[in-house]
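First the structure, in the form of structure tokens, and then the observations on it.
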Amino acid sequence: MSAVRFRLTDDQRALRDGVREALARRFDGRALRAAVEEADGGGAADMDGAAGMDGAAGMGGARTGGAQPGRSGAGGGGAGVARAAAAGGDGGSAGAGRAGGPGGTARTAAGRAAGAPRLDRGLWRALGDLGFFDLRVPETDGGVGLGLAEAVLVFEEAGRALLPGPLVATHLAAGAVPGAATGETVVAAVDGGLVEWLAEADAVRGDTTGAVPLRSLDPLTPLHRVPAGRPDPDPVAILLTAAEQLGTAGRVCELAAQHARAREQFGRPIGAFQAVAHLCAGILVRAETARAAVYAAAVTADPADIAAARILADEAAVRGARDCLQVHGGMGFTWESEVHLHLKRAWVRTQRAGGITESEELLAAALTPETA
Amino acid sequence: MDLSYTPEEEEFRARLREWLGRTLPGLPPRPSPDDWPGRRAYDLGWQRRLYEAGYAGVHWDATPSVRLIFLEETEKAGAPYVGANFVGLLHAGPTIAAEGTDAQRARWLPPILRGEEVWCQGFSEPEAGSDLAALRTRARRDGDDYVVTGSKIWTSHAEVADWCELLVRTGPAAPKHRGITWLALPMDAPGITVRPLRTLAGPAEFAEVFLDEVRVPVANRVGDEDDGWRVTMVTLSFERGTAFAGEVVACRRVLAELAVEARKNGRWDDPALRRRLGRLNAEFRALWRLTQWNVSAAEASGGVPDTGGSVFKLRYSHARQELYDAAAEVLGPDCLDLDRPWTPDRLSALAYTIAAGTSQVQHSIIAERILGLPKGR
């Protein structure tokens, strides 16, 4: 009857909830903490044992149990769950193992920085089973066959959970780099002057000649510097990064509100003080405004909408995490607190895909007399 | 998630667009902002045309989507603003429609729709602003009348209004939210004094209204005695819904005009200014999407918009101020010239973070009702 159904469908809601539950099982706060400690101690132990392997099964359950995400209106197409183990072998020219070169894909050989985290291969395969990487690969090619809107919801959950790894790069490589779709192959990508997770990757897209590790601000995102090429970011990469930022914005809003309700000073919860309450409200306003922008960009896939989504989501994540830290007071400044991890990851993401300047310039250029 | 409209809605849009294209060129010239009788006549005349074309009640009986299309298209076409019809169409009218008796609806609604009567709003008082429920204007029962004494402030269009939706205290002993009653006050009743209130923006937009033993028939009460707070909340949630949708469209047009001006006067070469305008573009695009998101939520719940309106109102009112601050940067020294249209607009934008619930009140609403934080002081 009435239109502008600009809200999640039941299928999309089920997908989001299913992913959230699966990630909570496979990469919960304890696993996050363990991963940070591993990286902090410079340890190289594989983290497969940290949270068990039930995550993939759990997600499978979510996908088979009626809550399966179907293509809108297409009757759900049972393809959701099971997947061919070797999907995405049609990339041909960009196969792993090829020598590195401009635009090419190479098996990596770059050194790790001291104390750099290892990528949890078990987790990566579990994410592959979940459909994280081949979500948008057509069913006929063995993928899940969902769209950009669903990918945005899934990456929002990844952002919420602070999931480590080159998620966007591997997702974009699904169907082009063998093994990327299933999570067997970890794919990194050169992005401007940086590469995330280079030393842990099986394949890397872009020219990594002269890559040098740097001591990464984010304990769970190892970084290499490469001679800066011209950034020519894929709009989808920008959008999925914005989705991750949105996840962070929503999560830090919850953390701030939880803390403001629980923490007492001067004989009452600190959330009863307006100065604190209004900080929390500001986090929510930024997150919800960004949500509208990110979801709309997922529907239209318009570059200007994506640029707007990115600007709003960066702001919501970075300022949200900072205000969340402020609400947590001294506790927020400790290494034990989760808050700094959100802020640091949000900062990392602001450097992706050309950075904010390009998005602002794009939107300035879009202001033409025709739109006046 | 879907941003498309149904064929019926697209047809509505096309018909409206065609009608606007045909009708707008024939409108009389706009009166000056200081010419109150002229503004009244102009605004009522526009409403009459809407009525004759079948668009008068879009705010009331259309789905939120159709309302959004109406606001978007009228704004894009440069149609007159709702102006003096604002309170009747968006406050008092919806309240009477929802809470009035059949006789009250028959008496007051048709003249609003036909563009015959203007309403104003008598809510705020000198001592009751954000804390509206603290209002003190007193009404005592005397036979078939209430006798009202007190004063109201920030009453827009009071000088030219036929009616005032008036909140009065009938139960002085009751808790403050419980002793309030909603009355329709005829503005020609003896004992009413209207004094224009000059604002920092210059021309009198508002007035103070003084009430001295004004008799209002009990038949003019909408809802029960002492139940006026609940009755009023229907109105306020309406205001925070789609009321600003047209303004977001207008702001996006102003932003594009800023870019045109900056390219002309050379300031576009400054990357800091370009980036500032680019950010504002992101901001108003997002606000448009947020409007669509809220409209969809309202449609899904089948009711009036809820706290999503607070999120929008808060963000939009600040964005509007930032827009005109950016306009000042584009204008340079000309930003001090009141004859440049953006200059008075910059001044009137200052009201947005204050009117209809200050930003601070909106923050508190969000903190308490969405985030579940304890009520504070």
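Sequence lines set the chain letters: A, B, ... in the order given, protein chains first and strands last, and positions in each chain run from 1.
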Please identify, among [options], the residue contributing the most non-hydrogen atom pairs under 4.5 Å to chain A.
{"options": "B:Lys76, B:Glu283, B:Arg263", "value": "B:Arg263"}
{"options": "B:Gly372, B:Ala367, B:Ala262, B:Gly278", "value": "B:Gly278"}
{"options": "B:Leu314, B:Val66, B:Leu255", "value": "B:Leu255"}

side-chain contact (heavy atoms from CB on, under 4.5 Å) partner of B:Arg289, the single match among A:Val299, A:Thr289, A:Thr300, A:Val294: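 It is A:Thr300, the one option of A:Val299, A:Thr289, A:Thr300, A:Val294 that forms the side-chain contact (heavy atoms from CB on, under 4.5 Å) with B:Arg289.
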Among the listed options A:Ile270, A:Val276, A:Leu362, A:Leu284, the residue most often paired with chain B at heavy-atom distances under 4.5 Å: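 With the most close heavy-atom pairs to chain B, the winner is A:Leu284.
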Most contacts with chain B, counted as non-hydrogen pairs under 4.5 angstrom, among A:Glu288, A:Arg261, A:Arg291: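 Most heavy-atom pairs within the cutoff with chain B belong to A:Arg261.
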Side chain, backbone, both or neither of B:Arg274 within contact of chain A (heavy atoms, under 4.5 Å):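 Its backbone and side chain both get close to chain A.
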Between [X] and [Y], which heavy-atom pair has the shortest distance, and what is it?
{"X": "B:Trp293", "Y": "A:Ala292", "result": "CB-CB, 4.5 Å"}
{"X": "A:Ala366", "Y": "B:Asn281", "result": "CB-ND2, 4.1 Å"}
{"X": "B:Leu373", "Y": "A:Ala277", "result": "CD1-CA, 3.7 Å"}
{"X": "B:Ile366", "Y": "A:Ala281", "result": "CG2-CB, 3.8 Å"}
{"X": "A:Gln12", "Y": "B:Met1", "result": "OE1-N, 3.0 Å"}
{"X": "A:Leu363", "Y": "B:Ala282", "result": "CD1-CB, 3.6 Å"}

A:Glu315 and B:Arg279: CA distance, side-chain angles, deciding distance, side chain to side chain contact (heavy atoms under 4.5 Å, CB included) verdict: CA-CA 11 Å; A:Glu315 183 202 37; B:Arg279 278 197 91 84; 4.1 Å; yes
Indicate yes or no: at least one non-hydrogen side-chain atom of [X] is less than 4.5 angstrom from one of [Y].
{"X": "B:Arg315", "Y": "A:Arg286", "answer": "yes"}
{"X": "A:Cys253", "Y": "B:Leu371", "answer": "yes"}
{"X": "B:Pro374", "Y": "A:Arg268", "answer": "no"}
{"X": "A:Arg5", "Y": "B:Ser296", "answer": "no"}

Heavy-atom proximity to chain B below 4.5 Å, by part of A:Ala304: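 For A:Ala304, the contact with chain B is made by backbone and side chain together.
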Crowding at CD, B:Glu10 (>12 non-hydrogen neighbours, <6.0 Å):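 Buried by this count: over 12 neighbours within 6.0 Å.
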Test: A:Glu361 and B:Arg275 ion pair at under 4.0 Å: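 Salt bridge flag = no for B:Arg275 with A:Glu361.
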